[in-house]
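See below for the structure under consideration.
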Number of protein chains: 2
Amino acid sequence: MDHPTGAYSIFFTSLANPNRLQIINVLRQGRKNVTQLCKATGFEQTMISHNLKRLERCGMVMAEQKGKFRYYSLNKETIKPLMSLIDSHMKEYCCKILEEEKRGA
Amino acid sequence: MDHPTGAYSIFFTSLANPNRLQIINVLRQGRKNVTQLCKATGFEQTMISHNLKRLERCGMVMAEQKGKFRYYSLNKETIKPLMSLIDSHMKEYCCKILEEEKRGA
DNA sequence: TCCATACATGACACAAATATCATATGATAT
DNA sequence: ATATCATATGATATTTGTGTCATGTATGGA
């Protein structure tokens with residue numbers, strides 16, 4: 001870890017939120033504009049935009065303007081290996097957390 | 001992402017804090033007990049313990065009792081690839097954040 | 001047994017993050 | 001031009017996270 005911890009902190013904080021993770025999850029299917037993300041998640045438009053901005057700042061998503069619409073796509077280079085890394089970590093070391101989650105704790 | 005987003009959220013939140021990241025950073029040198037961590041970081045004992053508990057819950061660190069002392073060691077299986085993944089992500093996509101950090105923004 | 005050391009836990013005040021509300025901007029069509 | 005749809009931005013109340021203080025528990029030595 002040769003960078004200041006603050007940079008990491010910003011990065012992780014962006015992923016440390018269930019709503020943002022859900023947005024990310026929807027974007028895994030492919031790029032979507034804001035309205036589509038609203039429908040897919042059930043979240044409000046302003047909330048989506050705020051959160052997308054944050055994800056964009058960290059390079060997790062990229063935006064592309066198409067007429068009236070603004071399409072967001074996932075940075076799969078990072079997200080995919082990151083998520084599978086954490087998946088396998090959780091399976092091995094975080095049984096408790098996963099069980100709590102499943103029970104709805 | 002086949003797990004509930006809450007589990008990921010707990011995981012990332014644990015890494016989304018400069019003090020915890022600093023603890024992790026010290027543990028990279030090798031296992032340490034609480035007192036050693038206090039000296040190395042300059043943090044208070046209670047704070048260290050609280051944060052270690054949190055990291056332990058997520059499987060980021062493991063504890064081992066040795067007489068009066070309790071040694072914590074890093075789960076390198078996860079931390080090492082995780083950090084290098086994020087390092088390369090940052091270098092490629094987060095130039096802005098890193099510059100802000102260096103300027104002390 | 002008593003004391004000191006090492007560490008953990010609980011409660012709470014403070015700080016940061018978040019969603020929401022109101023509003024602004026930007027694009028297209030009429 | 002202006003009305004409408006799509007999205008962004010700013011301010012703020014509320015929720016969540018954090019460090020600290022006070023205190024508790026465990027271990028080992030005198």
Side-chain angles (χ1 to χ4, degrees), chain A residues 4-24 26-27 31-58 60-73 96-97 100-101 105, chain B residues 4-24 26-27 31-58 60-73 96-97 100-101 105:
Chain A
T5 55
Y8 287 87
S9 184
I10 291 168
F11 183 90
F12 287 121
T13 306
S14 300
L15 296 170
N17 175 287
N19 295 338
R20 273 195 294 274
L21 287 168
Q22 211 170 319
I23 291 171
I24 287 174
V26 171
L27 287 177
R31 71 177 200 179
K32 297 225 180 309
N33 64 46
V34 179
T35 306
Q36 290 173 324
L37 281 169
C38 288
K39 280 187 187 167
T41 58
F43 299 153
E44 280 202 36
Q45 180 262 314
T46 49
M47 180 195 143
I48 304 255
S49 285
H50 277 301
N51 283 320
L52 283 171
K53 193 182 182 186
R54 172 132 206 194
L55 291 171
E56 196 179 10
R57 178 168 184 253
C58 296
M60 311 299 289
V61 304
M62 285 91 160
E64 193 186 352
Q65 193 82 28
K66 282 261 178 186
K68 287 207 285 186
F69 303 97
R70 181 165 250 246
Y71 283 89
Y72 285 88
S73 56
K96 284 179 196 171
I97 293 176
E100 285 169 28
E101 282 298 306
Chain B
T5 54
Y8 287 87
S9 182
I10 291 168
F11 183 90
F12 286 122
T13 305
S14 300
L15 296 170
N17 174 287
N19 295 339
R20 273 194 294 273
L21 287 169
Q22 209 170 321
I23 291 171
I24 288 175
V26 172
L27 286 176
R31 72 177 198 177
K32 297 224 179 309
N33 64 47
V34 179
T35 306
Q36 289 173 323
L37 280 169
C38 289
K39 281 188 185 165
T41 58
F43 298 154
E44 280 202 35
Q45 180 262 312
T46 48
M47 179 195 146
I48 303 256
S49 285
H50 276 302
N51 283 320
L52 283 171
K53 192 182 183 186
R54 174 135 205 192
L55 291 171
E56 195 179 9
R57 178 166 185 253
C58 296
M60 310 300 289
V61 304
M62 285 90 161
E64 192 186 352
Q65 193 82 26
K66 282 262 179 187
K68 286 208 286 185
F69 302 99
R70 181 165 251 245
Y71 283 89
Y72 285 89
S73 56
K96 284 179 196 170
I97 294 175
E100 285 169 27
E101 281 298 306

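Numbers restart at 1 for each chain; the letters A, B, ... are given by sequence-line order, proteins then strands.
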### Query
Does A:E64 reach the side chain of A:R70, with side-chain heavy atoms less than 4.5 Å apart?
no

### Task
Write down the atom of B:V26, the atom of B:L37, and the distance for their closest heavy-atom approach.
CG1-CD2, 3.8 Å

### Query
Does the side chain of A:N51 pick up a donor-acceptor pair with the side chain of A:R20 at under 3.5 Å?
yes

### Query
Between A:L55 (CG) and C:dA17 (P), how many Å, whole number?
15 Å

### Query
Between A:L15 and B:F12, which heavy-atom pair has the shortest distance, and what is it?
O-CD1, 3.3 Å

### Message
Can you measure B:F69 atom CZ to D:dG28 atom P for me and round it to whole angstrom units?
### Response
10 Å

#### Entry: Nearest atoms (heavy-atom pairs only) where B:A16 meets A:A16
CB-CB, 4.4 Å

## Note on the structure
Considering only heavy side-chain atoms of B:N33, the closest of C:dC7, D:dT18, C:dT18 is C:dC7

## Note on the structure
Side-chain contact check for A:S49: nearest option of C:dA17, C:dA8, D:dA8 is D:dA8

### Task
Test B:T35 against B:Q45 for side-chain contact (heavy atoms from CB on, under 4.5 Å), laying out the working first.
CA-CA 7 Å; B:T35 306; B:Q45 180 262 312; over 6 Å; no

### Query
Expressed in angstrom and rounded to an integer, what is the separation of A:R57 atom CZ from D:dT9 atom C1'?
16 Å

### Query
Which whole-number value in Å describes the distance from B:I23 CD1 to D:dG19 C1'?
12 Å

Review item, nucleotides 20-25 of chain D N/O atoms under 3.5 Å of protein N/O:
| residue | atom | partner | partner atom | Å |
| --- | --- | --- | --- | --- |
| D:dT20 | O4 | B:H50 | NE2 | 3.2 |

### Message
Side-chain N or O of B:N19 versus OP1/OP2 of D:dT18: is the shortest distance under 4.0 Å?
### Response
no

### Residue-phosphate contact under 4.0 Å: A:R20 side-chain N/O, C:dA17 OP1/OP2
no

## Note on the structure
Result for 5'-nearest mapping on DNA chain C, choosing between A:K68 and A:N51, is A:N51

### Task
Round to a whole Å and report the spacing from CD of B:Q36 to C1' of C:dT5.
14 Å

### Message
Nearest whole Å is fine: how far is D:dT7 P from A:L52 CG?
### Response
10 Å

## Note on the structure
Residues at least two apart in sequence or cross-chain that pass side-chain hydrogen bond (donor to acceptor under 3.5 Å, both in side chains) with A:S14, listed by chain then number, are A:R54

#### Entry: Between P of C:dC7 and CG of B:L37, the distance in whole Å
9 Å

### Query
Within less than 4.0 Å of OP1 or OP2 of D:dT27, is there a side-chain N or O belonging to B:R70?
no

### Task
Can you tell me the pairing partner of D:dA8 across any strand shown, Watson-Crick or G-U wobble, with both distances under 3.5 angstrom?
C:dT23

### Message
Rounded to whole Å, how long is the line connecting atom CD1 of B:I48 with atom C1' of C:dC7?
### Response
12 Å

### Task
For residues A:A63 and A:E56, report the shortest heavy-atom separation together with the two atoms involved.
CB-OE2, 3.5 Å

### Message
With a 4.0 Å limit, can you tell me whether B:K53 has a side-chain N or O closer than that to the phosphate oxygens OP1/OP2 of C:dT9?
### Response
yes

### Query
Does OP1 or OP2 of D:dG17 have a side-chain N or O of B:N17 closer than 4.0 Å?
no

### Query
With a non-hydrogen cut-off below 4.0 angstrom, is A:Y71 in contact with a base, only sugar-phosphate, or nothing?
nothing

